[in-house]
Amino acid sequence: MRIVTWNINSVRLRIELVAKMAKKLKPDIICLQETKCPNDSFPTKSINKMGYEHVAINGIKGYHGVATLSKIPFTKTNIIDYCGQKDGRHIETILDYGGAPLSLHNFYVPAGGDEPDRKINEKFGHKLDFLNEMKRRLTKSKQKTSVQRILVGDLNIAPYEHDVWSHKQLLKVVSHTPQEVELLEQVRKSHNWVDVARAFVPFEEKLYSWWSYRSKDWDASNRGRRLDHIWVTPALEPQLKSYKIMREARGWERPSDHVPVVLDLV
DNA sequence: ATGGTTGTGGAACAA
């Protein structure tokens, strides 16, 4: 089974890029973030034509928004509002995998603004609150150990030294500050989640899934960050087959600033 | 330290 996560930065503007990726990678499930599309305007028909009959969406007008597209039917869909805000940052779908339920969480964590200090930047406070709520909720569901779980999405944090182009220069830049990194690690450890990227690629190796629009030549300067993640619970570790970041998609016409991240399970 | 770009929606805000 192949799962792709991708911050598409407007699903309507880039529906052709979704089709292009789907044609090349043929994933069974696609998790999108930043769809920037209200539910009643979601391009469900186009998605169906690509072979994804099952569509779960949590969108709002203008900003944020997540969607999970699947060839495999969902047995259940859950939407949780974090920080008491209906801002389209989470959707959980449950499906059958290997004769047992598989819970798939699709997240879009707040970016957190520019200043890494909640006293002067409430967006950063929101990001920290969101992560704390993730930790609380994911820990709460820990009892049901029989359920296989995958968590994907744009978590807007690059946790490790080689998840950014310059650890030293980004220590005070939101997405790589010690406070966020520590909190994300707490979230990950709360459920013994396995960071799939680092299960396949050594920690010393640079790994990015996002390159800013603001650089002259993203490819040459290569100042990226690994903001997009795939985590699995230990129950799924034996099923891990391969992991890949589709870097080429950053060079497509009118690209998203994020690229697809791919997991293959046996 | 600053400025650099893109999206939505038609100004200002989010990233």
Side-chain angles (χ1 to χ4, degrees), chain A residues 5-21 31-43 46 57-67 81-90 106-118 120-131 152-159 163-166 168-177 179-181 183-184 208-229 247 249-261:
Chain A
T5 180
W6 192 10
N7 178 321
I8 192 65
N9 189 16
S10 174
V11 67
R12 283 175 291 182
L13 186 67
R14 293 190 231 280
I15 191 70
E16 289 309 317
L17 294 191
V18 176
K20 184 174 180 173
M21 181 280 291
C31 295
L32 299 175
Q33 302 86 33
E34 278 209 269
T35 52
K36 296 187 174 176
C37 179
N39 291 341
D40 57 13
S41 308
F42 196 83
S46 307
I57 50 180
N58 179 16
I60 59 160
K61 186 178 155 77
Y63 309 108
H64 321 317
V66 293
D81 293 323
Y82 281 74
C83 304
Q85 294 178 34
K86 289 199 190 310
D87 57 358
R89 296 184 181 274
H90 171 268
N106 180 359
F107 273 106
Y108 177 53
V109 173
D114 287 333
E115 202 58 52
D117 179 353
R118 73 182 309 155
I120 54 174
N121 170 20
E122 65 180 34
K123 286 185 205 161
F124 191 70
H126 178 214
K127 186 177 196 175
L128 300 177
D129 292 344
F130 192 100
L131 289 161
V152 307
D154 176 4
L155 305 185
N156 265 315
I157 296 172
D163 292 338
V164 293
W165 64 276
S166 168
K168 211 176 159 186
Q169 290 183 73
L170 287 169
L171 273 171
K172 289 178 180 173
V173 174
V174 172
S175 74
H176 194 63
T177 65
Q179 194 180 8
E180 297 161 80
V181 167
L183 197 42
L184 187 69
Y208 314 135
S209 65
W210 173 89
W211 293 261
S212 172
Y213 283 129
R214 299 180 194 181
S215 64
K216 282 245 190 313
D217 187 341
W218 73 273
D219 193 11
S221 61
N222 199 27
R223 294 182 168 190
R225 304 176 202 171
R226 186 169 70 98
L227 303 179
D228 303 276
H229 298 264
R247 191 182 191 273
R250 187 61 178 80
W252 289 353
E253 203 179 325
R254 284 199 91 177
S256 168
D257 44 357
H258 297 252
V259 298
V261 181

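Letters go in sequence order (proteins before strands), and every chain restarts at 1.
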| Rounded distance in Å - CZ (A:Arg250) to P (B:dT5) | 13 Å
| Between B:dG4 atom C1' and A:Gln169 atom CD, what is the distance in whole Å? | 16 Å
| remark: Atom CD of A:Gln33 and atom P of B:dA15 are separated, to the nearest Å, by 14 Å
| task | Would you mind reading off the distance between A:Leu227 atom CG and B:dA15 atom C1', rounded to a whole angstrom? | result | 11 Å
| request: Output yes when at least one side-chain N/O atom of A:Lys123 is less than 4.0 Å from OP1 or OP2 of B:dA14, else no. | output: yes
| Who pairs with A:Arg12 by side-chain hydrogen bond (donor to acceptor under 3.5 Å, both in side chains), at least two apart in sequence or on another chain? | none
| said: Suppose you measure atom P in B:dG7 against the same atom in B:dG3; what distance do you get, rounded to whole Å? | reply: 22 Å
| query | A:Asn121 has an atom CG; how far is it from atom P of B:dA15, in whole Å? | reply | 11 Å
| task | Would you please name every residue forming a salt bridge (charged side-chain N to carboxylate O under 4.0 Å, His left out) with A:Asp163, sequence neighbours left out? | result | A:Arg198, A:Arg226
| request: List in chain and number order the residues that pass side-chain hydrogen bond (donor to acceptor under 3.5 Å, both in side chains) with A:Tyr208, two or more places apart in sequence or in another chain; answer none if no residue qualifies. | output: none
| Sequence neighbours excluded, which residues qualify as side-chain hydrogen bond (donor to acceptor under 3.5 Å, both in side chains) partners of A:Asp228? | A:Ser209, A:His258
| Whole-Å distance separating the CD atom of A:Glu115 from the P atom of B:dA14 | 16 Å
| task | Mark yes when over 12 heavy atoms from residues, nucleotides or ligands other than A:Asp114 sit less than 6.0 Å from its CG; otherwise mark no. | result | no
| request: Applying side chain to side chain contact (heavy atoms under 4.5 Å, CB included), name anything that partners A:Asp40, two or more places apart in sequence or on another chain. | output: A:Pro38
Filtered N/O pairs between nucleotides 6-10 of chain B and protein, under 3.5 Å:
{"from": "B:dG7", "atom 1": "OP1", "to": "A:Arg14", "atom 2": "NH1", "distance (Å)": "2.9"}
{"from": "B:dG7", "atom 1": "OP1", "to": "A:Arg14", "atom 2": "NH2", "distance (Å)": "3.0"}
{"from": "B:dG7", "atom 1": "OP2", "to": "A:Arg254", "atom 2": "NH2", "distance (Å)": "2.6"}
{"from": "B:dT8", "atom 1": "OP1", "to": "A:Ser10", "atom 2": "OG", "distance (Å)": "2.4"}

| task | Can you spot which of A:Leu184, A:Leu131, A:Leu128 makes a side-chain contact (heavy atoms from CB on, under 4.5 Å) with A:Gln179? | result | A:Leu128
| request: Return the value, rounded to whole Å, for the distance between atom CG of A:Asp219 and atom P of B:dT5. | output: 18 Å
| task | Assign each of A:His64 and A:Ser212 to its nearest nucleotide of DNA chain B by heavy atoms, then name whichever residue's nucleotide is nearer the 5' end. | result | A:Ser212
| said: Using atom P in both nucleotides, what's the gap between B:dT8 and B:dG4 to the nearest angstrom? | reply: 22 Å
| query | Does A:Arg89 place a side-chain N or O at less than 4.0 Å from the phosphate oxygens OP1/OP2 of B:dA15? | reply | yes
| Roughly, in whole Å, what's the span from CZ in A:Arg225 to C1' in B:dA15? | 11 Å
| said: Can you check the distance between B:dA14 and B:dG10, where both ends of the measurement are the C1' atom (answer in whole Å)? | reply: 16 Å
| query | If we take the P atom in both B:dA15 and B:dG9, what is their distance in whole Å? | reply | 15 Å
